[in-house]
Amino acid sequence: MARVVIVSNRVPIPKARGASAGGLAVALRDLLKPGTMWFGWSGRQVSEPSPQPALVEARGVTYATIDLSSEDYRGFYVGFANGALWPLLHFRIGLMRFGRKEYDGYLSVNRRFAGALGAMLQPDDTVWAHDYHLIPLGRMLRDCGFQGPLGFFLHIPFAPPSMMEALPVARELIADFCAYDLVGFQTEEHARDFRDCAQRMLGATVQGEWIRLNGRSTRAFACPIGIDAEAFSRDAVRAVNDKVVQRLAGSLTGRALAIGVDRMDYSKGLPQRFEAYACLLEKHPEHHRRVHLLQICPRSREEVDEYRKLRSELDRLAGRINGRFSEFDWTPLRYSTRAAPRMTLAGLYRIARVGVVTPLRDGMNLVAKEFVAAQSDEDPGVLVLSRFAGAAHEMREALIVNPFDPDAIADAMHQALTMPTPERRERHQALKEKVFRTTAQAYSQRFMEALGQAKIQSVLRAAA
Ligand code: GDG
């Protein structure tokens, strides 16, 4: 039987009943029919990893994982994927740390993935690999003899040729993308930057969305990811009864809540957001004692230096803002570096008057979509959204800001806090319609259909 095989760095093996699923598991839920396989890293570091994957079966889906050694982890994950690719593709060349050793580690882990997965693949399987950790995997699976449909989706942005040139191995990586039949990006801008790189850096022939390189054809297109809007909206209504949400709502005593929810990452524009909030309080004293900003930012990737530095910077800024503006019965900024349960998050979005989503650069940004899905139709909150989030390409009815401009973010927050109800409703309806149209379900279905067609096309083009 033809199977779908999903490959990602981490594998969301279902835990206890009721445990909530992460972003990718939600996005791909419709594909997880009996017979599907999901392959990737177990999250474990061991001294001698076995080449044989461990298999877990849940609701007819096989989850296959391999372990990594700590040396693999340092080179592949900390070194190349998060130390070089992540900053480069988020336009932070100055933070990029490239080393041959780390790149070799990245290739060697991808080779290990390809070896373990290749041995389990059947000729009529369809493989869909995810994200920047696994760019060379497709070529390596082809080297193992797999000839079936191969798709890849990049969750983060892509960069134009002038920036990609900074990465010494950019040409190899761009060629690796071209081993797939279909490559998906969050926005047309990212897809176009990729096609430009293939054309200008490798001399590939580009025709519309198709790239031809060394006799192979690959389609590079935009396929924006979404959320399960129905389910999230239902959760938000129920979550208003959640204990933490009720406690927080009670503590507001009529004040407005602005909310930010982000992994603690330098791409999310958190220091600029804190500066913007200080700027709002300075320019508009009428908001003193009338607003709280709740910033939830669970710590992430603390093995990478830059993330530890960011944490100290945010601690310092939060202390400065509260030290400067607090009154004995009002703390303007509430800041937590712990993750909130998903249900609590849904309820917090719902009671918030403003959602502040101001990344400096972001593939899509699902928080923007979750915030909209959680709002009530009668009394909706307002979304302040960075123009550099992929989500801004579609969500034009948000208050769109330049995240590098704290003054502009402050003005948008003021506009959101004072926006009349009819305008809030009108903007919300338009945004809601989009979030309920470009859903997780629509995303996975569109990608899989395009992958089937791309495979046929690439075979026909090769024969022509
Ligand atoms: C990458 C791309 C792209 C956050 N804090 C908590 C929590 N979250 C959840 C949010 C949201 C998810 O994490 C974050 O998604 P984003 O899209 O904002 O960002 P990345 O993690 O950077 O994801 C991004 C995405 O892939 C999908 O393609 O949109 O551009 O960078 O769902 O709600 N969840 C819980 N507690 C928290 O404290 N439960």
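For the single chain, residues carry numbers from 1 onward in sequence order. Counting convention: from 1, in listed order, for ligands and their atoms alike. Computed from a predicted structure; not experimentally measured.
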Asker: For Gly363, counting its heavy atoms only, list the atoms of ligand 1 lying under 4.0 Å from any of them.
Answerer: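 Contacts of ligand 1 toward Gly363, numbered from 1: 30 (O).
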Asker: Ion pair present between Lys434 and Glu397, side-chain N to carboxylate O less than 4.0 angstrom?
Answerer: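 Yes, Lys434 and Glu397 are salt-bridged.
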Asker: Report the member of Ile225, Thr344, Asp362, Thr337 with the shortest heavy-atom distance to atom 31 (O) of ligand 1.
Answerer: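 Selected option, by shortest heavy-atom distance: Asp362.
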Asker: Which of parallel (below 30°), tilted (30 to 60°) and perpendicular (above 60°) describes Tyr103 and Tyr106?
Answerer: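 The arrangement is parallel - the two ring planes meet at less than 30°.
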Asker: State whether the side chain of Trp41 and the backbone N or O of Arg44 hold a donor-acceptor pair below 3.5 Å, judged by distance alone.
Answerer: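 Yes; judged by distance alone, with no hydrogens or angles, the pair exists.
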Asker: Could you go through Asp131 and Leu154, starting from their C-alpha distance and side-chain angles, then the distance that decides it, and tell me whether this counts as side chain to side chain contact (heavy atoms under 4.5 Å, CB included)?
Answerer: CA-CA 4 Å; Asp131 231 356; Leu154 186 70; 3.9 Å; yes
Asker: Would you find more than 12 non-hydrogen atoms of other residues, nucleotides or ligands less than 6.0 Å from Glu426 atom CD?
Answerer: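 At most 12 heavy atoms, drawn from other residues, nucleotides or ligands, come within 6.0 Å of this atom.
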Asker: Taking atom 22 (O) of ligand 1 as the point of reference, which of Arg342, Arg263, Glu370, Gln186 owns the nearest heavy atom?
Answerer: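 Nearest option to atom 22 (O) of ligand 1, by heavy atoms: Arg263.
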Asker: One residue to check: Ile227. Relative to ligand 1, which of side chain, backbone, both or neither has a non-hydrogen atom less than 4.0 Å away?
Answerer: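 Contact part for Ile227 vs ligand 1: neither.
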Asker: Which atoms of ligand 1 sit under 4.0 Å from any heavy atom of Tyr349?
Answerer: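 Selected atoms, number and element: 33 (O).
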Asker: Would you say Arg387 has more than 12 foreign heavy atoms packed within less than 6.0 Å of its CZ?
Answerer: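 No - once you tally the heavy atoms of other residues, nucleotides and ligands closer than 6.0 Å, there are 12 at most.
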Asker: Check whether any heavy atom of Tyr443 sits under 4.0 Å from an atom of ligand 1.
Answerer: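 Tyr443 does not count as a contact of ligand 1 under the 4.0 Å cut-off.
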Asker: Any heavy atom of Phe232 sitting closer than 4.0 Å to ligand 1?
Answerer: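 For ligand 1, residue contact (heavy atoms, under 4.0 Å) with Phe232 is absent.
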Asker: Whether Glu313 and Lys309 form a salt bridge (side-chain N of Lys/Arg under 4.0 Å from carboxylate O of Asp/Glu) is what I want to check.
Answerer: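 Glu313 and Lys309: not salt-bridged.
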Asker: Does the pair Arg112/Asp67 count as a salt bridge with the N-to-O cut at 4.0 Å?
Answerer: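 Answer for the salt bridge query: no.
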Asker: Using a 4.0 Å heavy-atom cut-off, say whether Phe153 meets ligand 1 through its side chain, its backbone, both or neither.
Answerer: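 Near ligand 1, Phe153 shows nothing, with every heavy atom at 4.0 Å or more.
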Asker: For ligand 1, which atoms have a heavy atom of Trp86 less than 4.0 angstrom away?
Answerer: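 Reading through ligand 1 atom by atom, the close ones are 31 (O).
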Asker: How does Tyr132 reach ligand 1, if at all, at less than 4.0 Å between non-hydrogen atoms: by side chain, backbone, both, or neither?
Answerer: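 For Tyr132, there is no contact with ligand 1 at all, from either part.
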Asker: Examine Pro341 against ligand 1 and note whether any of their N/O atoms are separated by less than 3.5 Å.
Answerer: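 For ligand 1, there is no N or O atom that lies under 3.5 Å from one belonging to Pro341.
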Asker: Indicate yes or no: does Arg342 engage Asp235 in a salt bridge with an N to O separation below 4.0 Å.
Answerer: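 Looking at Arg342 and Asp235, the cut-off is not met.
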Asker: Taking the ring centre of each residue, are Phe325 and Tyr277 less than 6.0 Å apart?
Answerer: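 Between Tyr277 and Phe325, which both carry aromatic rings, the centre distance is not below 6.0 Å.
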Asker: Heavy-atom contacts with Ile296 under 4.0 Å: which atoms of ligand 1 show up? List them by number with element.
Answerer: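 Within the 4.0 Å cut-off of Ile296, ligand 1 contributes 38 (O).
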Asker: Does only the side chain of Asn365 get under 4.0 Å from ligand 1, or the backbone, or both, or neither? Count heavy atoms.
Answerer: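 Looking at Asn365 and ligand 1, atoms from backbone and side chain both fall under 4.0 Å.
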Asker: Indicate, as side chain, backbone, both or neither, the part of Ala339 found under 4.0 angstrom from ligand 1 when only non-hydrogen atoms are considered.
Answerer: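 Under 4.0 Å from ligand 1, Ala339 contributes backbone and side-chain atoms.
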Asker: Which of the atoms of ligand 1 are close to Leu366, meaning less than 4.0 Å from one of its heavy atoms?
Answerer: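 The atoms of ligand 1 under 4.0 Å from a heavy atom of Leu366 are 16 (P), 17 (O), 18 (O), 27 (C), 29 (O).
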Asker: Should the proximity of Lys268 to ligand 1, defined as any heavy atom under 4.0 Å, be assigned to the side chain, the backbone, both, or neither?
Answerer: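 Near ligand 1, Lys268 shows its side chain, while the N, CA, C and O stay back.
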Asker: Would you say Ala340 has any N or O atom under 3.5 Å from an N or O of ligand 1, going by distance alone?
Answerer: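 By distance alone, the answer is yes.
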Asker: Given Val261, Val26, Leu24, Asp131, which has its nearest heavy atom closest to atom 4 (C) of ligand 1?
Answerer: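 Nearest heavy atom to atom 4 (C) of ligand 1 lies in Val261.
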Asker: When you look at CD of Gln246, are more than 12 heavy atoms from neighbouring residues, nucleotides or ligands closer to it than 6.0 Å?
Answerer: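 Atom CD in Gln246 is packed in, count exceeds 12.
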